[in-house]
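A short write-up of the structure that comes next.
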Amino acid sequence: MGDYISKSKNNNNLSFKVEKIMKELNNLYTLRVFEDRDPYRVLIRTILSQRTKDANTDKATNQLFSKYKDIHEVADAPIEDIEKLVKSAGFFRVKANRIKEVSHIILDYYGGIVPNNMKELLELPGVGRKTANCVLVFAFQEPAIPVDTHVHRIPNRWGIVNTKTPEKTEEELMKIVPKNLWIDMNDLIVQFGQTICRPLNPLCEECPIADLCDYYNTNFL
DNA sequence: AAAACGGGGGC
DNA sequence: GCCCCAGTTTT
(Lines give C-alpha, C1' and ligand atoms only; values in the text may rest on other atoms or scores of the structure.)
Protein backbone atom coordinates (compact mmCIF):
# COMPACT_ATOMS: atom_id res chain seq x y z
CA MET A 1 0.00 0.00 0.00
CA GLY A 2 2.58 2.52 1.10
CA ASP A 3 4.78 1.13 -1.57
CA TYR A 4 2.16 1.82 -4.20
CA ILE A 5 1.66 5.39 -3.05
CA SER A 6 5.35 6.28 -3.02
CA LYS A 7 5.87 4.66 -6.40
CA SER A 8 2.98 6.56 -7.92
CA LYS A 9 4.23 9.81 -6.40
CA ASN A 10 7.65 9.09 -7.84
CA ASN A 11 6.13 8.57 -11.27
CA ASN A 12 4.36 11.90 -11.05
CA ASN A 13 7.63 13.64 -10.29
CA LEU A 14 9.29 11.93 -13.23
CA SER A 15 6.39 12.80 -15.50
CA PHE A 16 6.76 16.42 -14.50
CA LYS A 17 10.46 16.31 -15.32
CA VAL A 18 9.75 14.67 -18.67
CA GLU A 19 7.25 17.36 -19.55
CA LYS A 20 9.78 20.09 -18.79
CA ILE A 21 12.43 18.37 -20.89
CA MET A 22 10.14 17.74 -23.82
CA LYS A 23 8.98 21.33 -23.75
CA GLU A 24 12.60 22.46 -24.02
CA LEU A 25 13.28 20.07 -26.88
CA ASN A 26 10.17 21.33 -28.64
CA ASN A 27 11.57 24.85 -28.48
CA LEU A 28 14.93 23.67 -29.68
CA TYR A 29 13.92 21.57 -32.69
CA THR A 30 11.34 21.60 -35.42
CA LEU A 31 9.37 18.42 -35.55
CA ARG A 32 10.23 16.76 -38.81
CA VAL A 33 6.78 16.12 -40.15
CA PHE A 34 6.82 13.16 -42.47
CA GLU A 35 5.57 14.90 -45.60
CA ASP A 36 4.70 11.40 -46.71
CA ARG A 37 2.65 9.32 -44.30
CA ASP A 38 1.89 6.62 -46.82
CA PRO A 39 2.30 3.47 -44.69
CA TYR A 40 4.19 1.50 -47.31
CA ARG A 41 6.73 4.22 -47.94
CA VAL A 42 7.10 4.90 -44.23
CA LEU A 43 7.75 1.21 -43.68
CA ILE A 44 10.37 0.99 -46.42
CA ARG A 45 12.02 4.22 -45.35
CA THR A 46 12.21 2.98 -41.79
CA ILE A 47 13.80 -0.30 -42.84
CA LEU A 48 16.36 1.69 -44.81
CA SER A 49 17.02 3.86 -41.76
CA GLN A 50 18.15 0.96 -39.58
CA ARG A 51 21.69 1.62 -38.36
CA THR A 52 21.88 4.44 -40.86
CA LYS A 53 22.11 8.21 -40.74
CA ASP A 54 19.37 10.47 -42.03
CA ALA A 55 21.19 11.81 -45.05
CA ASN A 56 22.00 8.34 -46.33
CA THR A 57 18.50 7.09 -45.59
CA ASP A 58 16.94 9.97 -47.48
CA LYS A 59 19.14 9.45 -50.49
CA ALA A 60 18.34 5.74 -50.71
CA THR A 61 14.63 6.29 -50.14
CA ASN A 62 14.41 8.97 -52.81
CA GLN A 63 16.31 6.92 -55.33
CA LEU A 64 14.11 3.90 -54.73
CA PHE A 65 10.80 5.72 -55.02
CA SER A 66 11.79 7.92 -57.90
CA LYS A 67 12.28 4.75 -59.91
CA TYR A 68 9.43 2.66 -58.50
CA LYS A 69 6.05 4.24 -57.94
CA ASP A 70 4.37 1.71 -55.70
CA ILE A 71 4.58 -1.60 -53.91
CA HIS A 72 3.83 -3.59 -57.06
CA GLU A 73 6.77 -2.11 -58.93
CA VAL A 74 9.12 -2.75 -56.01
CA ALA A 75 7.90 -6.32 -55.64
CA ASP A 76 8.48 -6.98 -59.34
CA ALA A 77 11.88 -5.28 -59.50
CA PRO A 78 15.06 -7.33 -59.90
CA ILE A 79 16.88 -7.57 -56.60
CA GLU A 80 20.11 -6.23 -58.13
CA ASP A 81 18.31 -3.05 -59.17
CA ILE A 82 16.92 -2.52 -55.69
CA GLU A 83 20.37 -3.10 -54.23
CA LYS A 84 21.88 -0.41 -56.42
CA LEU A 85 19.17 2.12 -55.58
CA VAL A 86 19.42 1.67 -51.82
CA LYS A 87 23.18 1.26 -51.69
CA SER A 88 23.84 4.49 -49.85
CA ALA A 89 21.82 3.31 -46.85
CA GLY A 90 24.44 0.65 -46.09
CA PHE A 91 23.70 -3.03 -45.40
CA PHE A 92 22.15 -2.79 -48.82
CA ARG A 93 22.01 -6.49 -49.65
CA VAL A 94 20.06 -7.41 -46.55
CA LYS A 95 17.85 -4.36 -46.82
CA ALA A 96 17.08 -4.90 -50.52
CA ASN A 97 16.12 -8.49 -49.80
CA ARG A 98 13.90 -7.54 -46.93
CA ILE A 99 12.24 -4.76 -48.89
CA LYS A 100 11.36 -7.21 -51.63
CA GLU A 101 10.21 -9.89 -49.21
CA VAL A 102 8.12 -7.48 -47.19
CA SER A 103 6.52 -6.14 -50.35
CA HIS A 104 5.56 -9.62 -51.48
CA ILE A 105 4.15 -10.56 -48.11
CA ILE A 106 2.06 -7.42 -47.91
CA LEU A 107 0.72 -8.02 -51.41
CA ASP A 108 0.04 -11.72 -50.89
CA TYR A 109 -1.30 -11.75 -47.34
CA TYR A 110 -2.63 -8.26 -46.70
CA GLY A 111 -3.99 -7.26 -50.11
CA GLY A 112 -1.32 -4.61 -50.50
CA ILE A 113 -2.28 -2.87 -47.24
CA VAL A 114 0.42 -2.41 -44.60
CA PRO A 115 -0.77 -3.89 -41.27
CA ASN A 116 -1.54 -1.29 -38.63
CA ASN A 117 -0.85 -3.38 -35.56
CA MET A 118 2.25 -4.47 -33.71
CA LYS A 119 1.65 -8.21 -33.96
CA GLU A 120 1.42 -8.37 -37.74
CA LEU A 121 4.16 -5.80 -38.30
CA LEU A 122 6.58 -7.86 -36.18
CA GLU A 123 5.97 -10.89 -38.37
CA LEU A 124 7.46 -9.06 -41.37
CA PRO A 125 11.12 -9.86 -42.06
CA GLY A 126 13.44 -7.07 -40.98
CA VAL A 127 10.81 -5.45 -38.78
CA GLY A 128 11.54 -5.36 -35.06
CA ARG A 129 9.93 -3.30 -32.31
CA LYS A 130 11.64 -0.07 -33.28
CA THR A 131 10.59 -0.24 -36.92
CA ALA A 132 7.08 -1.41 -36.07
CA ASN A 133 6.65 1.46 -33.63
CA CYS A 134 7.90 3.94 -36.22
CA VAL A 135 5.25 2.74 -38.65
CA LEU A 136 2.55 2.97 -35.99
CA VAL A 137 3.60 6.49 -35.03
CA PHE A 138 4.59 8.06 -38.33
CA ALA A 139 2.12 6.39 -40.68
CA PHE A 140 -0.89 5.66 -38.47
CA GLN A 141 -0.29 8.28 -35.78
CA GLU A 142 -0.88 5.72 -33.08
CA PRO A 143 0.75 6.58 -29.75
CA ALA A 144 3.91 4.47 -29.40
CA ILE A 145 7.54 5.06 -28.48
CA PRO A 146 10.11 3.81 -31.00
CA VAL A 147 13.24 3.11 -28.99
CA ASP A 148 16.45 3.38 -30.96
CA THR A 149 19.93 3.91 -29.55
CA HIS A 150 19.24 7.59 -28.84
CA VAL A 151 15.93 6.96 -27.11
CA HIS A 152 17.62 4.26 -25.08
CA ARG A 153 20.76 6.21 -24.16
CA ILE A 154 19.35 9.65 -23.45
CA PRO A 155 16.54 8.94 -20.96
CA ASN A 156 19.13 6.88 -19.07
CA ARG A 157 21.43 9.91 -18.96
CA TRP A 158 18.61 12.11 -17.80
CA GLY A 159 17.94 9.58 -15.06
CA ILE A 160 14.25 9.15 -15.77
CA VAL A 161 14.86 5.45 -16.46
CA ASN A 162 17.59 3.03 -15.48
CA THR A 163 17.50 0.24 -18.02
CA LYS A 164 19.78 -2.18 -19.82
CA THR A 165 17.71 -3.08 -22.87
CA PRO A 166 15.61 -1.07 -25.34
CA GLU A 167 12.60 -3.23 -24.51
CA LYS A 168 12.85 -2.29 -20.85
CA THR A 169 13.35 1.35 -21.80
CA GLU A 170 10.18 1.34 -23.86
CA GLU A 171 8.28 -0.28 -21.01
CA GLU A 172 9.52 2.24 -18.44
CA LEU A 173 9.01 5.25 -20.70
CA MET A 174 5.40 4.27 -21.32
CA LYS A 175 4.84 4.39 -17.57
CA ILE A 176 6.25 7.86 -16.97
CA VAL A 177 5.84 9.80 -20.21
CA PRO A 178 2.42 11.45 -20.63
CA LYS A 179 0.75 9.80 -23.59
CA ASN A 180 0.31 13.00 -25.56
CA LEU A 181 4.11 13.23 -25.82
CA TRP A 182 4.71 9.75 -27.18
CA ILE A 183 4.33 10.56 -30.87
CA ASP A 184 6.84 13.43 -30.84
CA MET A 185 9.29 11.86 -28.44
CA ASN A 186 11.41 9.79 -30.81
CA ASP A 187 11.97 12.54 -33.34
CA LEU A 188 12.85 15.17 -30.74
CA ILE A 189 15.24 12.92 -28.86
CA VAL A 190 16.93 11.75 -32.05
CA GLN A 191 17.59 15.34 -33.11
CA PHE A 192 18.88 16.09 -29.64
CA GLY A 193 21.08 12.99 -29.77
CA GLN A 194 22.58 13.90 -33.13
CA THR A 195 23.47 17.44 -32.13
CA ILE A 196 24.07 17.75 -28.39
CA CYS A 197 23.56 14.55 -26.45
CA ARG A 198 25.84 12.51 -28.67
CA PRO A 199 26.80 8.94 -27.80
CA LEU A 200 30.44 9.88 -27.23
CA ASN A 201 31.54 13.26 -25.90
CA PRO A 202 28.13 14.86 -25.43
CA LEU A 203 28.17 18.67 -25.56
CA CYS A 204 26.98 19.18 -22.01
CA GLU A 205 28.43 22.71 -21.85
CA GLU A 206 26.01 23.73 -24.61
CA CYS A 207 23.09 21.68 -23.38
CA PRO A 208 20.02 23.75 -22.49
CA ILE A 209 18.62 21.05 -20.24
CA ALA A 210 21.81 20.12 -18.40
CA ASP A 211 20.26 21.29 -15.14
CA LEU A 212 17.65 18.55 -15.49
CA CYS A 213 20.17 15.85 -16.36
CA ASP A 214 21.55 13.28 -13.90
CA TYR A 215 24.54 12.57 -16.13
CA TYR A 216 25.56 16.22 -16.15
CA ASN A 217 24.89 16.76 -12.48
CA THR A 218 26.90 13.67 -11.57
CA ASN A 219 29.87 14.27 -13.84
CA PHE A 220 30.22 18.03 -14.05
CA LEU A 221 29.09 19.43 -10.73
C1' DA B 1 21.57 -11.67 -22.40
C1' DA B 2 24.95 -11.64 -25.73
C1' DA B 3 26.88 -12.30 -30.12
C1' DA B 4 26.43 -12.26 -35.03
C1' DC B 5 25.32 -9.85 -38.88
C1' DG B 6 26.65 -6.17 -42.26
C1' DG B 7 28.26 -1.38 -45.17
C1' DG B 8 28.68 3.75 -45.96
C1' DG B 9 30.67 7.93 -44.54
C1' DG B 10 33.61 10.91 -41.69
C1' DC B 11 38.06 11.74 -40.28
C1' DG C 1 42.60 2.35 -42.14
C1' DC C 2 39.81 3.05 -38.07
C1' DC C 3 35.61 4.09 -35.82
C1' DC C 4 30.94 5.40 -35.40
C1' DC C 5 25.99 4.87 -36.57
C1' DA C 6 17.71 6.01 -36.34
C1' DG C 7 18.46 -2.59 -35.37
C1' DT C 8 17.13 -7.35 -36.27
C1' DT C 9 17.98 -12.05 -35.86
C1' DT C 10 20.00 -15.97 -33.96
C1' DT C 11 22.25 -18.52 -30.30
Side-chain angles (χ1 to χ4, degrees), chain A residues 22 25 28-37 39 41-64 79-103 105-106 114-115 118-139 144-158 161-173 177 181-203:
Chain A
M22 292 296 283
L25 293 186
L28 210 51
Y29 304 105
T30 308
L31 225 39
R32 294 172 297 184
V33 181
F34 274 39
E35 66 297 334
D36 188 359
R37 292 192 183 279
R41 286 192 290 269
V42 170
L43 171 61
I44 299 304
R45 186 192 189 285
T46 309
I47 289 174
L48 287 172
S49 81
Q50 291 165 2
R51 306 280 296 155
T52 303
K53 292 174 188 168
D54 276 341
N56 302 329
T57 302
D58 289 341
K59 189 176 170 191
T61 307
N62 291 337
Q63 288 185 160
L64 183 69
I79 193 68
E80 302 79 22
D81 291 4
I82 299 179
E83 287 181 1
K84 284 196 192 75
L85 293 169
V86 304
K87 192 169 187 307
S88 65
F91 308 117
F92 61 88
R93 289 195 189 85
V94 184
K95 287 177 181 176
N97 267 304
R98 286 174 175 168
I99 285 169
K100 203 167 154 67
E101 280 182 70
V102 159
S103 302
I105 293 171
I106 292 173
V114 176
M118 175 63 73
K119 181 178 177 299
E120 291 177 333
L121 284 168
L122 284 179
E123 288 169 1
L124 300 172
V127 176
R129 277 201 81 80
K130 185 265 179 182
T131 301
N133 273 329
C134 279
V135 172
L136 292 176
V137 169
F138 296 131
I145 305 179
V147 177
D148 50 51
T149 53
H150 293 301
V151 179
H152 177 60
R153 175 184 75 259
I154 293 174
N156 272 288
R157 280 187 180 160
W158 288 336
V161 300
N162 183 5
T163 52
K164 282 308 214 181
T165 66
E167 291 74 18
K168 199 69 186 166
T169 303
E170 185 186 339
E171 189 184 326
E172 294 300 309
L173 285 176
V177 178
L181 300 179
W182 289 11
I183 286 181
D184 298 346
M185 186 162 200
N186 174 276
D187 187 36
L188 291 175
I189 291 183
V190 167
Q191 294 191 56
F192 180 56
Q194 289 174 337
T195 53
I196 296 171
C197 199
R198 305 180 304 197
L200 259 31
N201 309 313
L203 304 178

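Below, read A as the first sequence line, B as the second, and so on, with proteins coming before strands; counting in each chain starts at 1.
In this structure, A:N186 CG and A:L181 CG are separated by 13.5 Å, a value rounded to the nearest 0.5 Å. Note that CZ of A:R153 is 8.5 Å distant from CG of A:D148, once rounded to the nearest 0.5 Å. Rounding to the nearest 0.5 Å gives a distance of 5.0 Å between NE2 of A:H152 and OG1 of A:T163. We find the CG-CG distance between A:L48 and A:D58 to be 10.0 Å, quoted to the nearest 0.5 Å.
Across all strands shown, A:N186 has no heavy atoms under 4.0 Å from either base or sugar-phosphate atoms. Within 4.0 Å of A:P125, counting heavy atoms only, lie sugar-phosphate atoms of the nucleic acid but no base atom. Counting any heavy atom pair closer than 4.0 Å across all strands shown, A:P166 reaches no nucleic acid atom.
Taking atom NZ of A:K95 as the reference point, atom P of C:dG7 lies 9 Å away to the nearest angstrom. To the nearest angstrom, C1' of C:dG7 lies 16 Å from CD1 of A:I44. As rounded to whole Å, 9 Å separates atom C1' of C:dG7 from atom CZ of A:R98. Between A:I99 atom CD1 and C:dT8 atom P there is a gap of 14 Å when expressed in whole angstrom units. If you measure from atom CG of A:N97 to atom P of C:dT9, you get 13 Å, rounded to the nearest angstrom. Spacing between atom CG of A:D148 and atom C1' of C:dC4 amounts to 15 Å, rounded to whole angstrom units. Going from atom NE2 of A:H152 over to atom C1' of C:dC5 covers 15 Å, rounded to whole Å.
Distance noted for atom P between B:dC5 and C:dC5: 22 Å (whole Å). To the nearest whole angstrom, the two C1' atoms, one in B:dG9 and one in C:dT8, are 22 Å apart.
As the counterpart of B:dG6, no nucleotide is assigned, since no Watson-Crick or G-U wobble pattern has both distances under 3.5 Å.
Under the side chain to side chain donor-acceptor pair (under 3.5 Å) criterion, no residue pair touches residues 79-91 of chain A, with sequence neighbours excluded.
Between A:D187 and A:R32 there is a salt bridge, since a side-chain N of the basic residue sits under 4.0 Å from a carboxylate O of the acidic one. In this structure, A:E101 does not pair ionically with A:R98, as no charged nitrogen and carboxylate oxygen lie closer than 4.0 Å.
The main-chain N or O of A:V161 is never found under 3.5 Å from a side-chain atom of A:K168 such that the two would form a donor-acceptor pair.
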When every nucleotide of nucleotides 5-11 of chain B is labelled 5' to 3' by its protein contacts under 4.0 Å (heavy atoms), B for base, S for sugar-phosphate only, - for none, what sequence of letters results?
-BBSS--

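DNA chain C lies under 4.0 Å from at least one heavy atom of each of the following residues of residues 126-134 of chain A: A:G126, A:V127, A:G128, A:R129, A:K130, A:T131.
Side-chain contact between A:M22 and A:V177: absent, with no pair of heavy atoms (C-beta onward) separated by less than 4.5 Å.
Phosphate contact (OP1/OP2 of C:dG7, side-chain N/O of A:T149, threshold under 4.0 Å): present.
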